[in-house]
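Quick caveat: nothing in here was measured; it's all calculated off a predicted structure. Order of appearance sets the numbers: ligands from 1, and atoms from 1 within every ligand. FYI, the numbering just counts along the sequence from 1.
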Amino acid sequence: MIQLTQKDKERYLNELIDLLKIPSISANSAYANDVHAAAQWVSTSLEKAGADSAKIEPTAGYPIVYGEKIIDPSLPTVLVYGHYDVQPPDPLELWDSPAFEPVIKTTDIHPEGAIFARGACDDKGQMYMHIKAFEWMIQNDQLSCNVKFMIEGEEEVGSDNLEAFIKTNKENLACDIILISDTGMISNAQPSITTGLRGLSYMEVTVTGPNRDLHSGLYGGAVANPINILAKMIAELQDDKNKITIPGFYDKVVTITDEERAEMAKAPFDLKEYIEAIDLGDIHGEEGYSTPERQSIRPTLDVNGIWGGYTGEGAKTVIASKAHAKISMRLVPNQDWEEIGQLFEKHFKAIAPKSVKVEVIAHHGGEPYVTPIDNIGYKAAHKAYATSFGVDPFPQRDGGSIPIVPLFEKVLGAKSVLMGFGLDSDAIHSPNEHFGLFNFYKGIETIPLFYKNFAELSKTVN
Ligand code: BES
Ligand code: MN
Ligand code: MN
């Protein structure tokens, strides 16, 4: 067990507050200077924590912060990955306090307080746990592995430049395990380790009807309204069992054995609580699967945004020329994101009536990931949680995506251990994002145990 001192806790929190004040929104170029400032901040904090060197590596987009401490080449090396960029905070009016003015407040789930700010949980708070755990290990003479940090600034916009970076720096990034805190766990009483991530295929569609906006009285009823048509086409993408209707969509989906499903069902999940927490009328999803299965082992299709026509104050009678939607599909092994994007495009064009034109473009994407639990990385993490929480963690496949994780395995040949300390209720990507102080400190206390266990387990296999 590691117990942080009150003084250390206060300092760690104040430092994190500092970082959270920087609006490093990678999606919005108006914040470019802030994204660069966050990179600088992370680099400086790595140096202060005890890294031998910390560098800001430029890319074609936002830089990658790289820092390392090599204590003994014969010891195993841990590569820590995280991101310093954040999602846009919109819609701003739904925040109870400004997104980049962090405040501490208690909630039912976080009675000991939580820090509210964009990026608190995803991923500044979780990434910073690693820098502080590293500092703690150095100060307490407990660093048992070499460490490399690679903290990027484009995760929320698809990590476009990271693949080239890891390919070019393959030798420098050589490691025995990749350690990431950018996911969640079941609850503060029941930790879990993420063993899977879904892939992603993100599309944008435009439906064009007439060549200009028309008076809906003069033309209404006689021309195809692209918004009506788009709504109908989207509705057709799922059948009445909530299965996706794109031909070939499920062809490569790996079916989960009954044993695995039974194992998954052992993880605590309270459907009533789930429904109440987000105020649902009823649950919804693919027939034949439970809610936890629907959000982890099954692929999905969701509209993320839809627009067109008149949305201003009052009423305007108009048939718009164009209607648009952003549609994402979450993928599971062994679906291929580019292939799924092509199947989507082909199908979407095929179901369009002749009265409209359809354009489909593919945005970023990424492959799904699953990791077995019989490797020493997972075992070291399991033991670390068991020690610090006093309860055995469950392996759990998450529904979100970190497209770079499968690429790490391909390029660097190393497995990733996903030690997430966030909760689903922490509102990542939403207004009022927060991160529990319990989670922040518990993370910092659990990470050094991982290093210790990993170093010990590495000896047994070598
Ligand atoms: N940290 C999240 C991913 C995540 C969150 C995984 C919770 C599992 C549990 C990451 O920052 C993220 O938001 N990823 C995006 C994909 C990316 C390509 C924009 C996502 O999942 O939507
Ligand atoms: Mn993240
Ligand atoms: Mn995110």
Side-chain angles (χ1 to χ4, degrees), residues 20 24-28 38 42 61-62 80-90 99 117-130 150-163 179-187 191-204 292 295-297 299-305 326-332 337-338 340-341 362-371 395-408 416-431 433-435 439 443:
L20 291 171
S24 48
I25 307 164
S26 50
N28 186 341
V42 170
Y62 289 120
V80 177
Y81 164 81
H83 60 98
Y84 63 80
D85 65 320
V86 301
Q87 283 279 329
D90 316 81
R118 171 57 83 234
C121 177
D122 183 13
D123 179 43
K124 286 171 172 171
Q126 297 213 66
M127 176 273 289
Y128 202 54
M129 296 181 318
H130 286 273
M150 180 172 63
I151 315 294
E152 72 152 317
E154 297 186 305
E155 198 279 340
E156 299 292 8
V157 287
S159 304
D160 285 345
N161 297 294
L162 194 55
E163 184 174 355
L179 186 58
I180 305 174
S181 294
D182 194 21
T183 53
M185 58 176 190
I186 296 173
S187 73
S192 54
I193 300 170
T194 302
T195 52
L197 294 162
R198 286 194 284 196
L200 183 69
S201 187
Y202 201 113
M203 316 299 289
E204 183 167 331
Q295 63 185 38
S296 63
I297 60 165
T300 65
L301 182 148
D302 277 293
V303 180
N304 298 257
K326 294 196 191 261
I327 299 173
S328 67
M329 291 163 282
R330 296 279 169 178
L331 311 177
V332 299
W337 76 271
E338 281 169 328
I340 290 292
H363 285 283
H364 57 229
E367 305 300 3
Y369 183 73
V370 267
T371 172
Q396 181 173 264
R397 280 171 62 172
D398 266 344
S401 310
I402 311 177
I404 201 67
V405 171
L407 278 171
F408 282 154
S416 291
V417 175
L418 300 159
M419 291 177 59
F421 291 90
L423 300 181
D424 285 355
S425 54
D426 287 346
I428 63 171
H429 294 204
S430 296
E433 174 178 354
H434 54 280
F435 190 38
N439 305 66

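Regarding atom 4 (C) of ligand 1, its nearest protein heavy-atom neighbour is Asp182 O, 3.6 Å. Scanning the protein heavy atoms around atom 18 (C) of ligand 1, the nearest turns out to be Pro403 CG, 3.7 Å. Closest to atom 6 (C) of ligand 1 among all protein heavy atoms lies Gly400 CA, 3.6 Å. Looking at atom 15 (C) of ligand 1, its nearest protein heavy atom turns out to be Ser401 O, 3.6 Å.
Taking each heavy atom of Tyr84 and Ile151 in turn, the nearest pair found is CE2-O, 3.6 Å.
Residue contacts with ligand 1 for Asp398 involve side-chain atoms from C-beta outward but no N, CA, C or O (heavy atoms, distance under 4.0 Å). In Glu155, the parts holding a heavy atom less than 4.0 Å from any atom of ligand 1 are both the side chain and the backbone. Contact annotation: for Asp122 versus ligand 1, heavy atoms closer than 4.0 Å belong to the side chain alone. Of all the heavy atoms of Gln87, none lies under 4.0 Å from any atom of ligand 1, so neither backbone nor side chain is involved. At a heavy-atom cutoff of 4.0 Å, ligand 1 is contacted by the side chain of Ile428 but not by its backbone.
To the nearest 0.5 Å, atom CD1 of residue Ile340 and atom CE of residue Met203 are 10.5 Å apart.
With 3.5 Å as the limit, one finds a donor-acceptor pair spanning the side chains of Asp182 and His83.
Residue-to-ligand polar distances keep Thr183 apart from ligand 1: every N/O pair is separated by 3.5 Å or more.
Put simply, the side chain of Glu433 never gets that close to the backbone of Arg118: no donor and acceptor are under 3.5 Å apart. A donor-acceptor contact shorter than 3.5 Å links the side chain of Ser181 to the backbone of Met419. Between the side chain of Tyr369 and the backbone N or O of Ser416, at least one donor-acceptor pair lies under 3.5 Å. A donor-acceptor pair under 3.5 Å links the side-chain atoms of Arg198 to the main chain of Gln295, judged by distance alone. Although no hydrogens or angles enter the test, the distance criterion places a donor-acceptor pair under 3.5 Å between the side chain of Ser192 and the main chain of Ile186.
The Mn ion (ligand 2) has His83 NE2, Asp122 OD1, Asp182 OD1, Asp182 OD2 as protein N, O or S atoms under 2.8 Å away.
Residue Arg330 places a heavy atom under 4.0 Å from ligand 1. Within the structure, ligand 1 lacks Arg198 among the residues with a heavy atom less than 4.0 angstrom away.
By the 4.5 Å heavy-atom criterion applied to side chains, Tyr81 and Glu152 are counted as neighbours.
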Begin from the C-alpha positions of Cys121 and His434 and carry the test side chain to side chain contact (heavy atoms under 4.5 Å, CB included) through to its verdict. CA-CA 6 Å; Cys121 177; His434 54 280; over 6 Å; no
Given the rule in the side chain to side chain contact (heavy atoms under 4.5 Å, CB included) test, do Glu156 and Val86 qualify, once you have shown the distances and angles that lead to the verdict? CA-CA 6 Å; Glu156 299 292 8; Val86 301; 5.6 Å; no
Should Asn439 and Met185 be marked as a side chain to side chain contact (heavy atoms under 4.5 Å, CB included) after you check the CA-CA gap, both sets of side-chain angles, and the distance that decides it? CA-CA 10 Å; Asn439 305 66; Met185 58 176 190; 3.5 Å; yes
Give the C-alpha distance, both sets of side-chain angles, the deciding distance and a yes or no for side chain to side chain contact (heavy atoms under 4.5 Å, CB included) between Tyr62 and Val157. CA-CA 11 Å; Tyr62 289 120; Val157 287; 5.8 Å; no
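The minimum distance between the Mn ion (ligand 3) and any N, O or S atom of His429 involves atom NE2.
The contact set between ligand 1 and His83, taken as ligand atoms under 4.0 Å from a residue heavy atom, comprises 11 (O).
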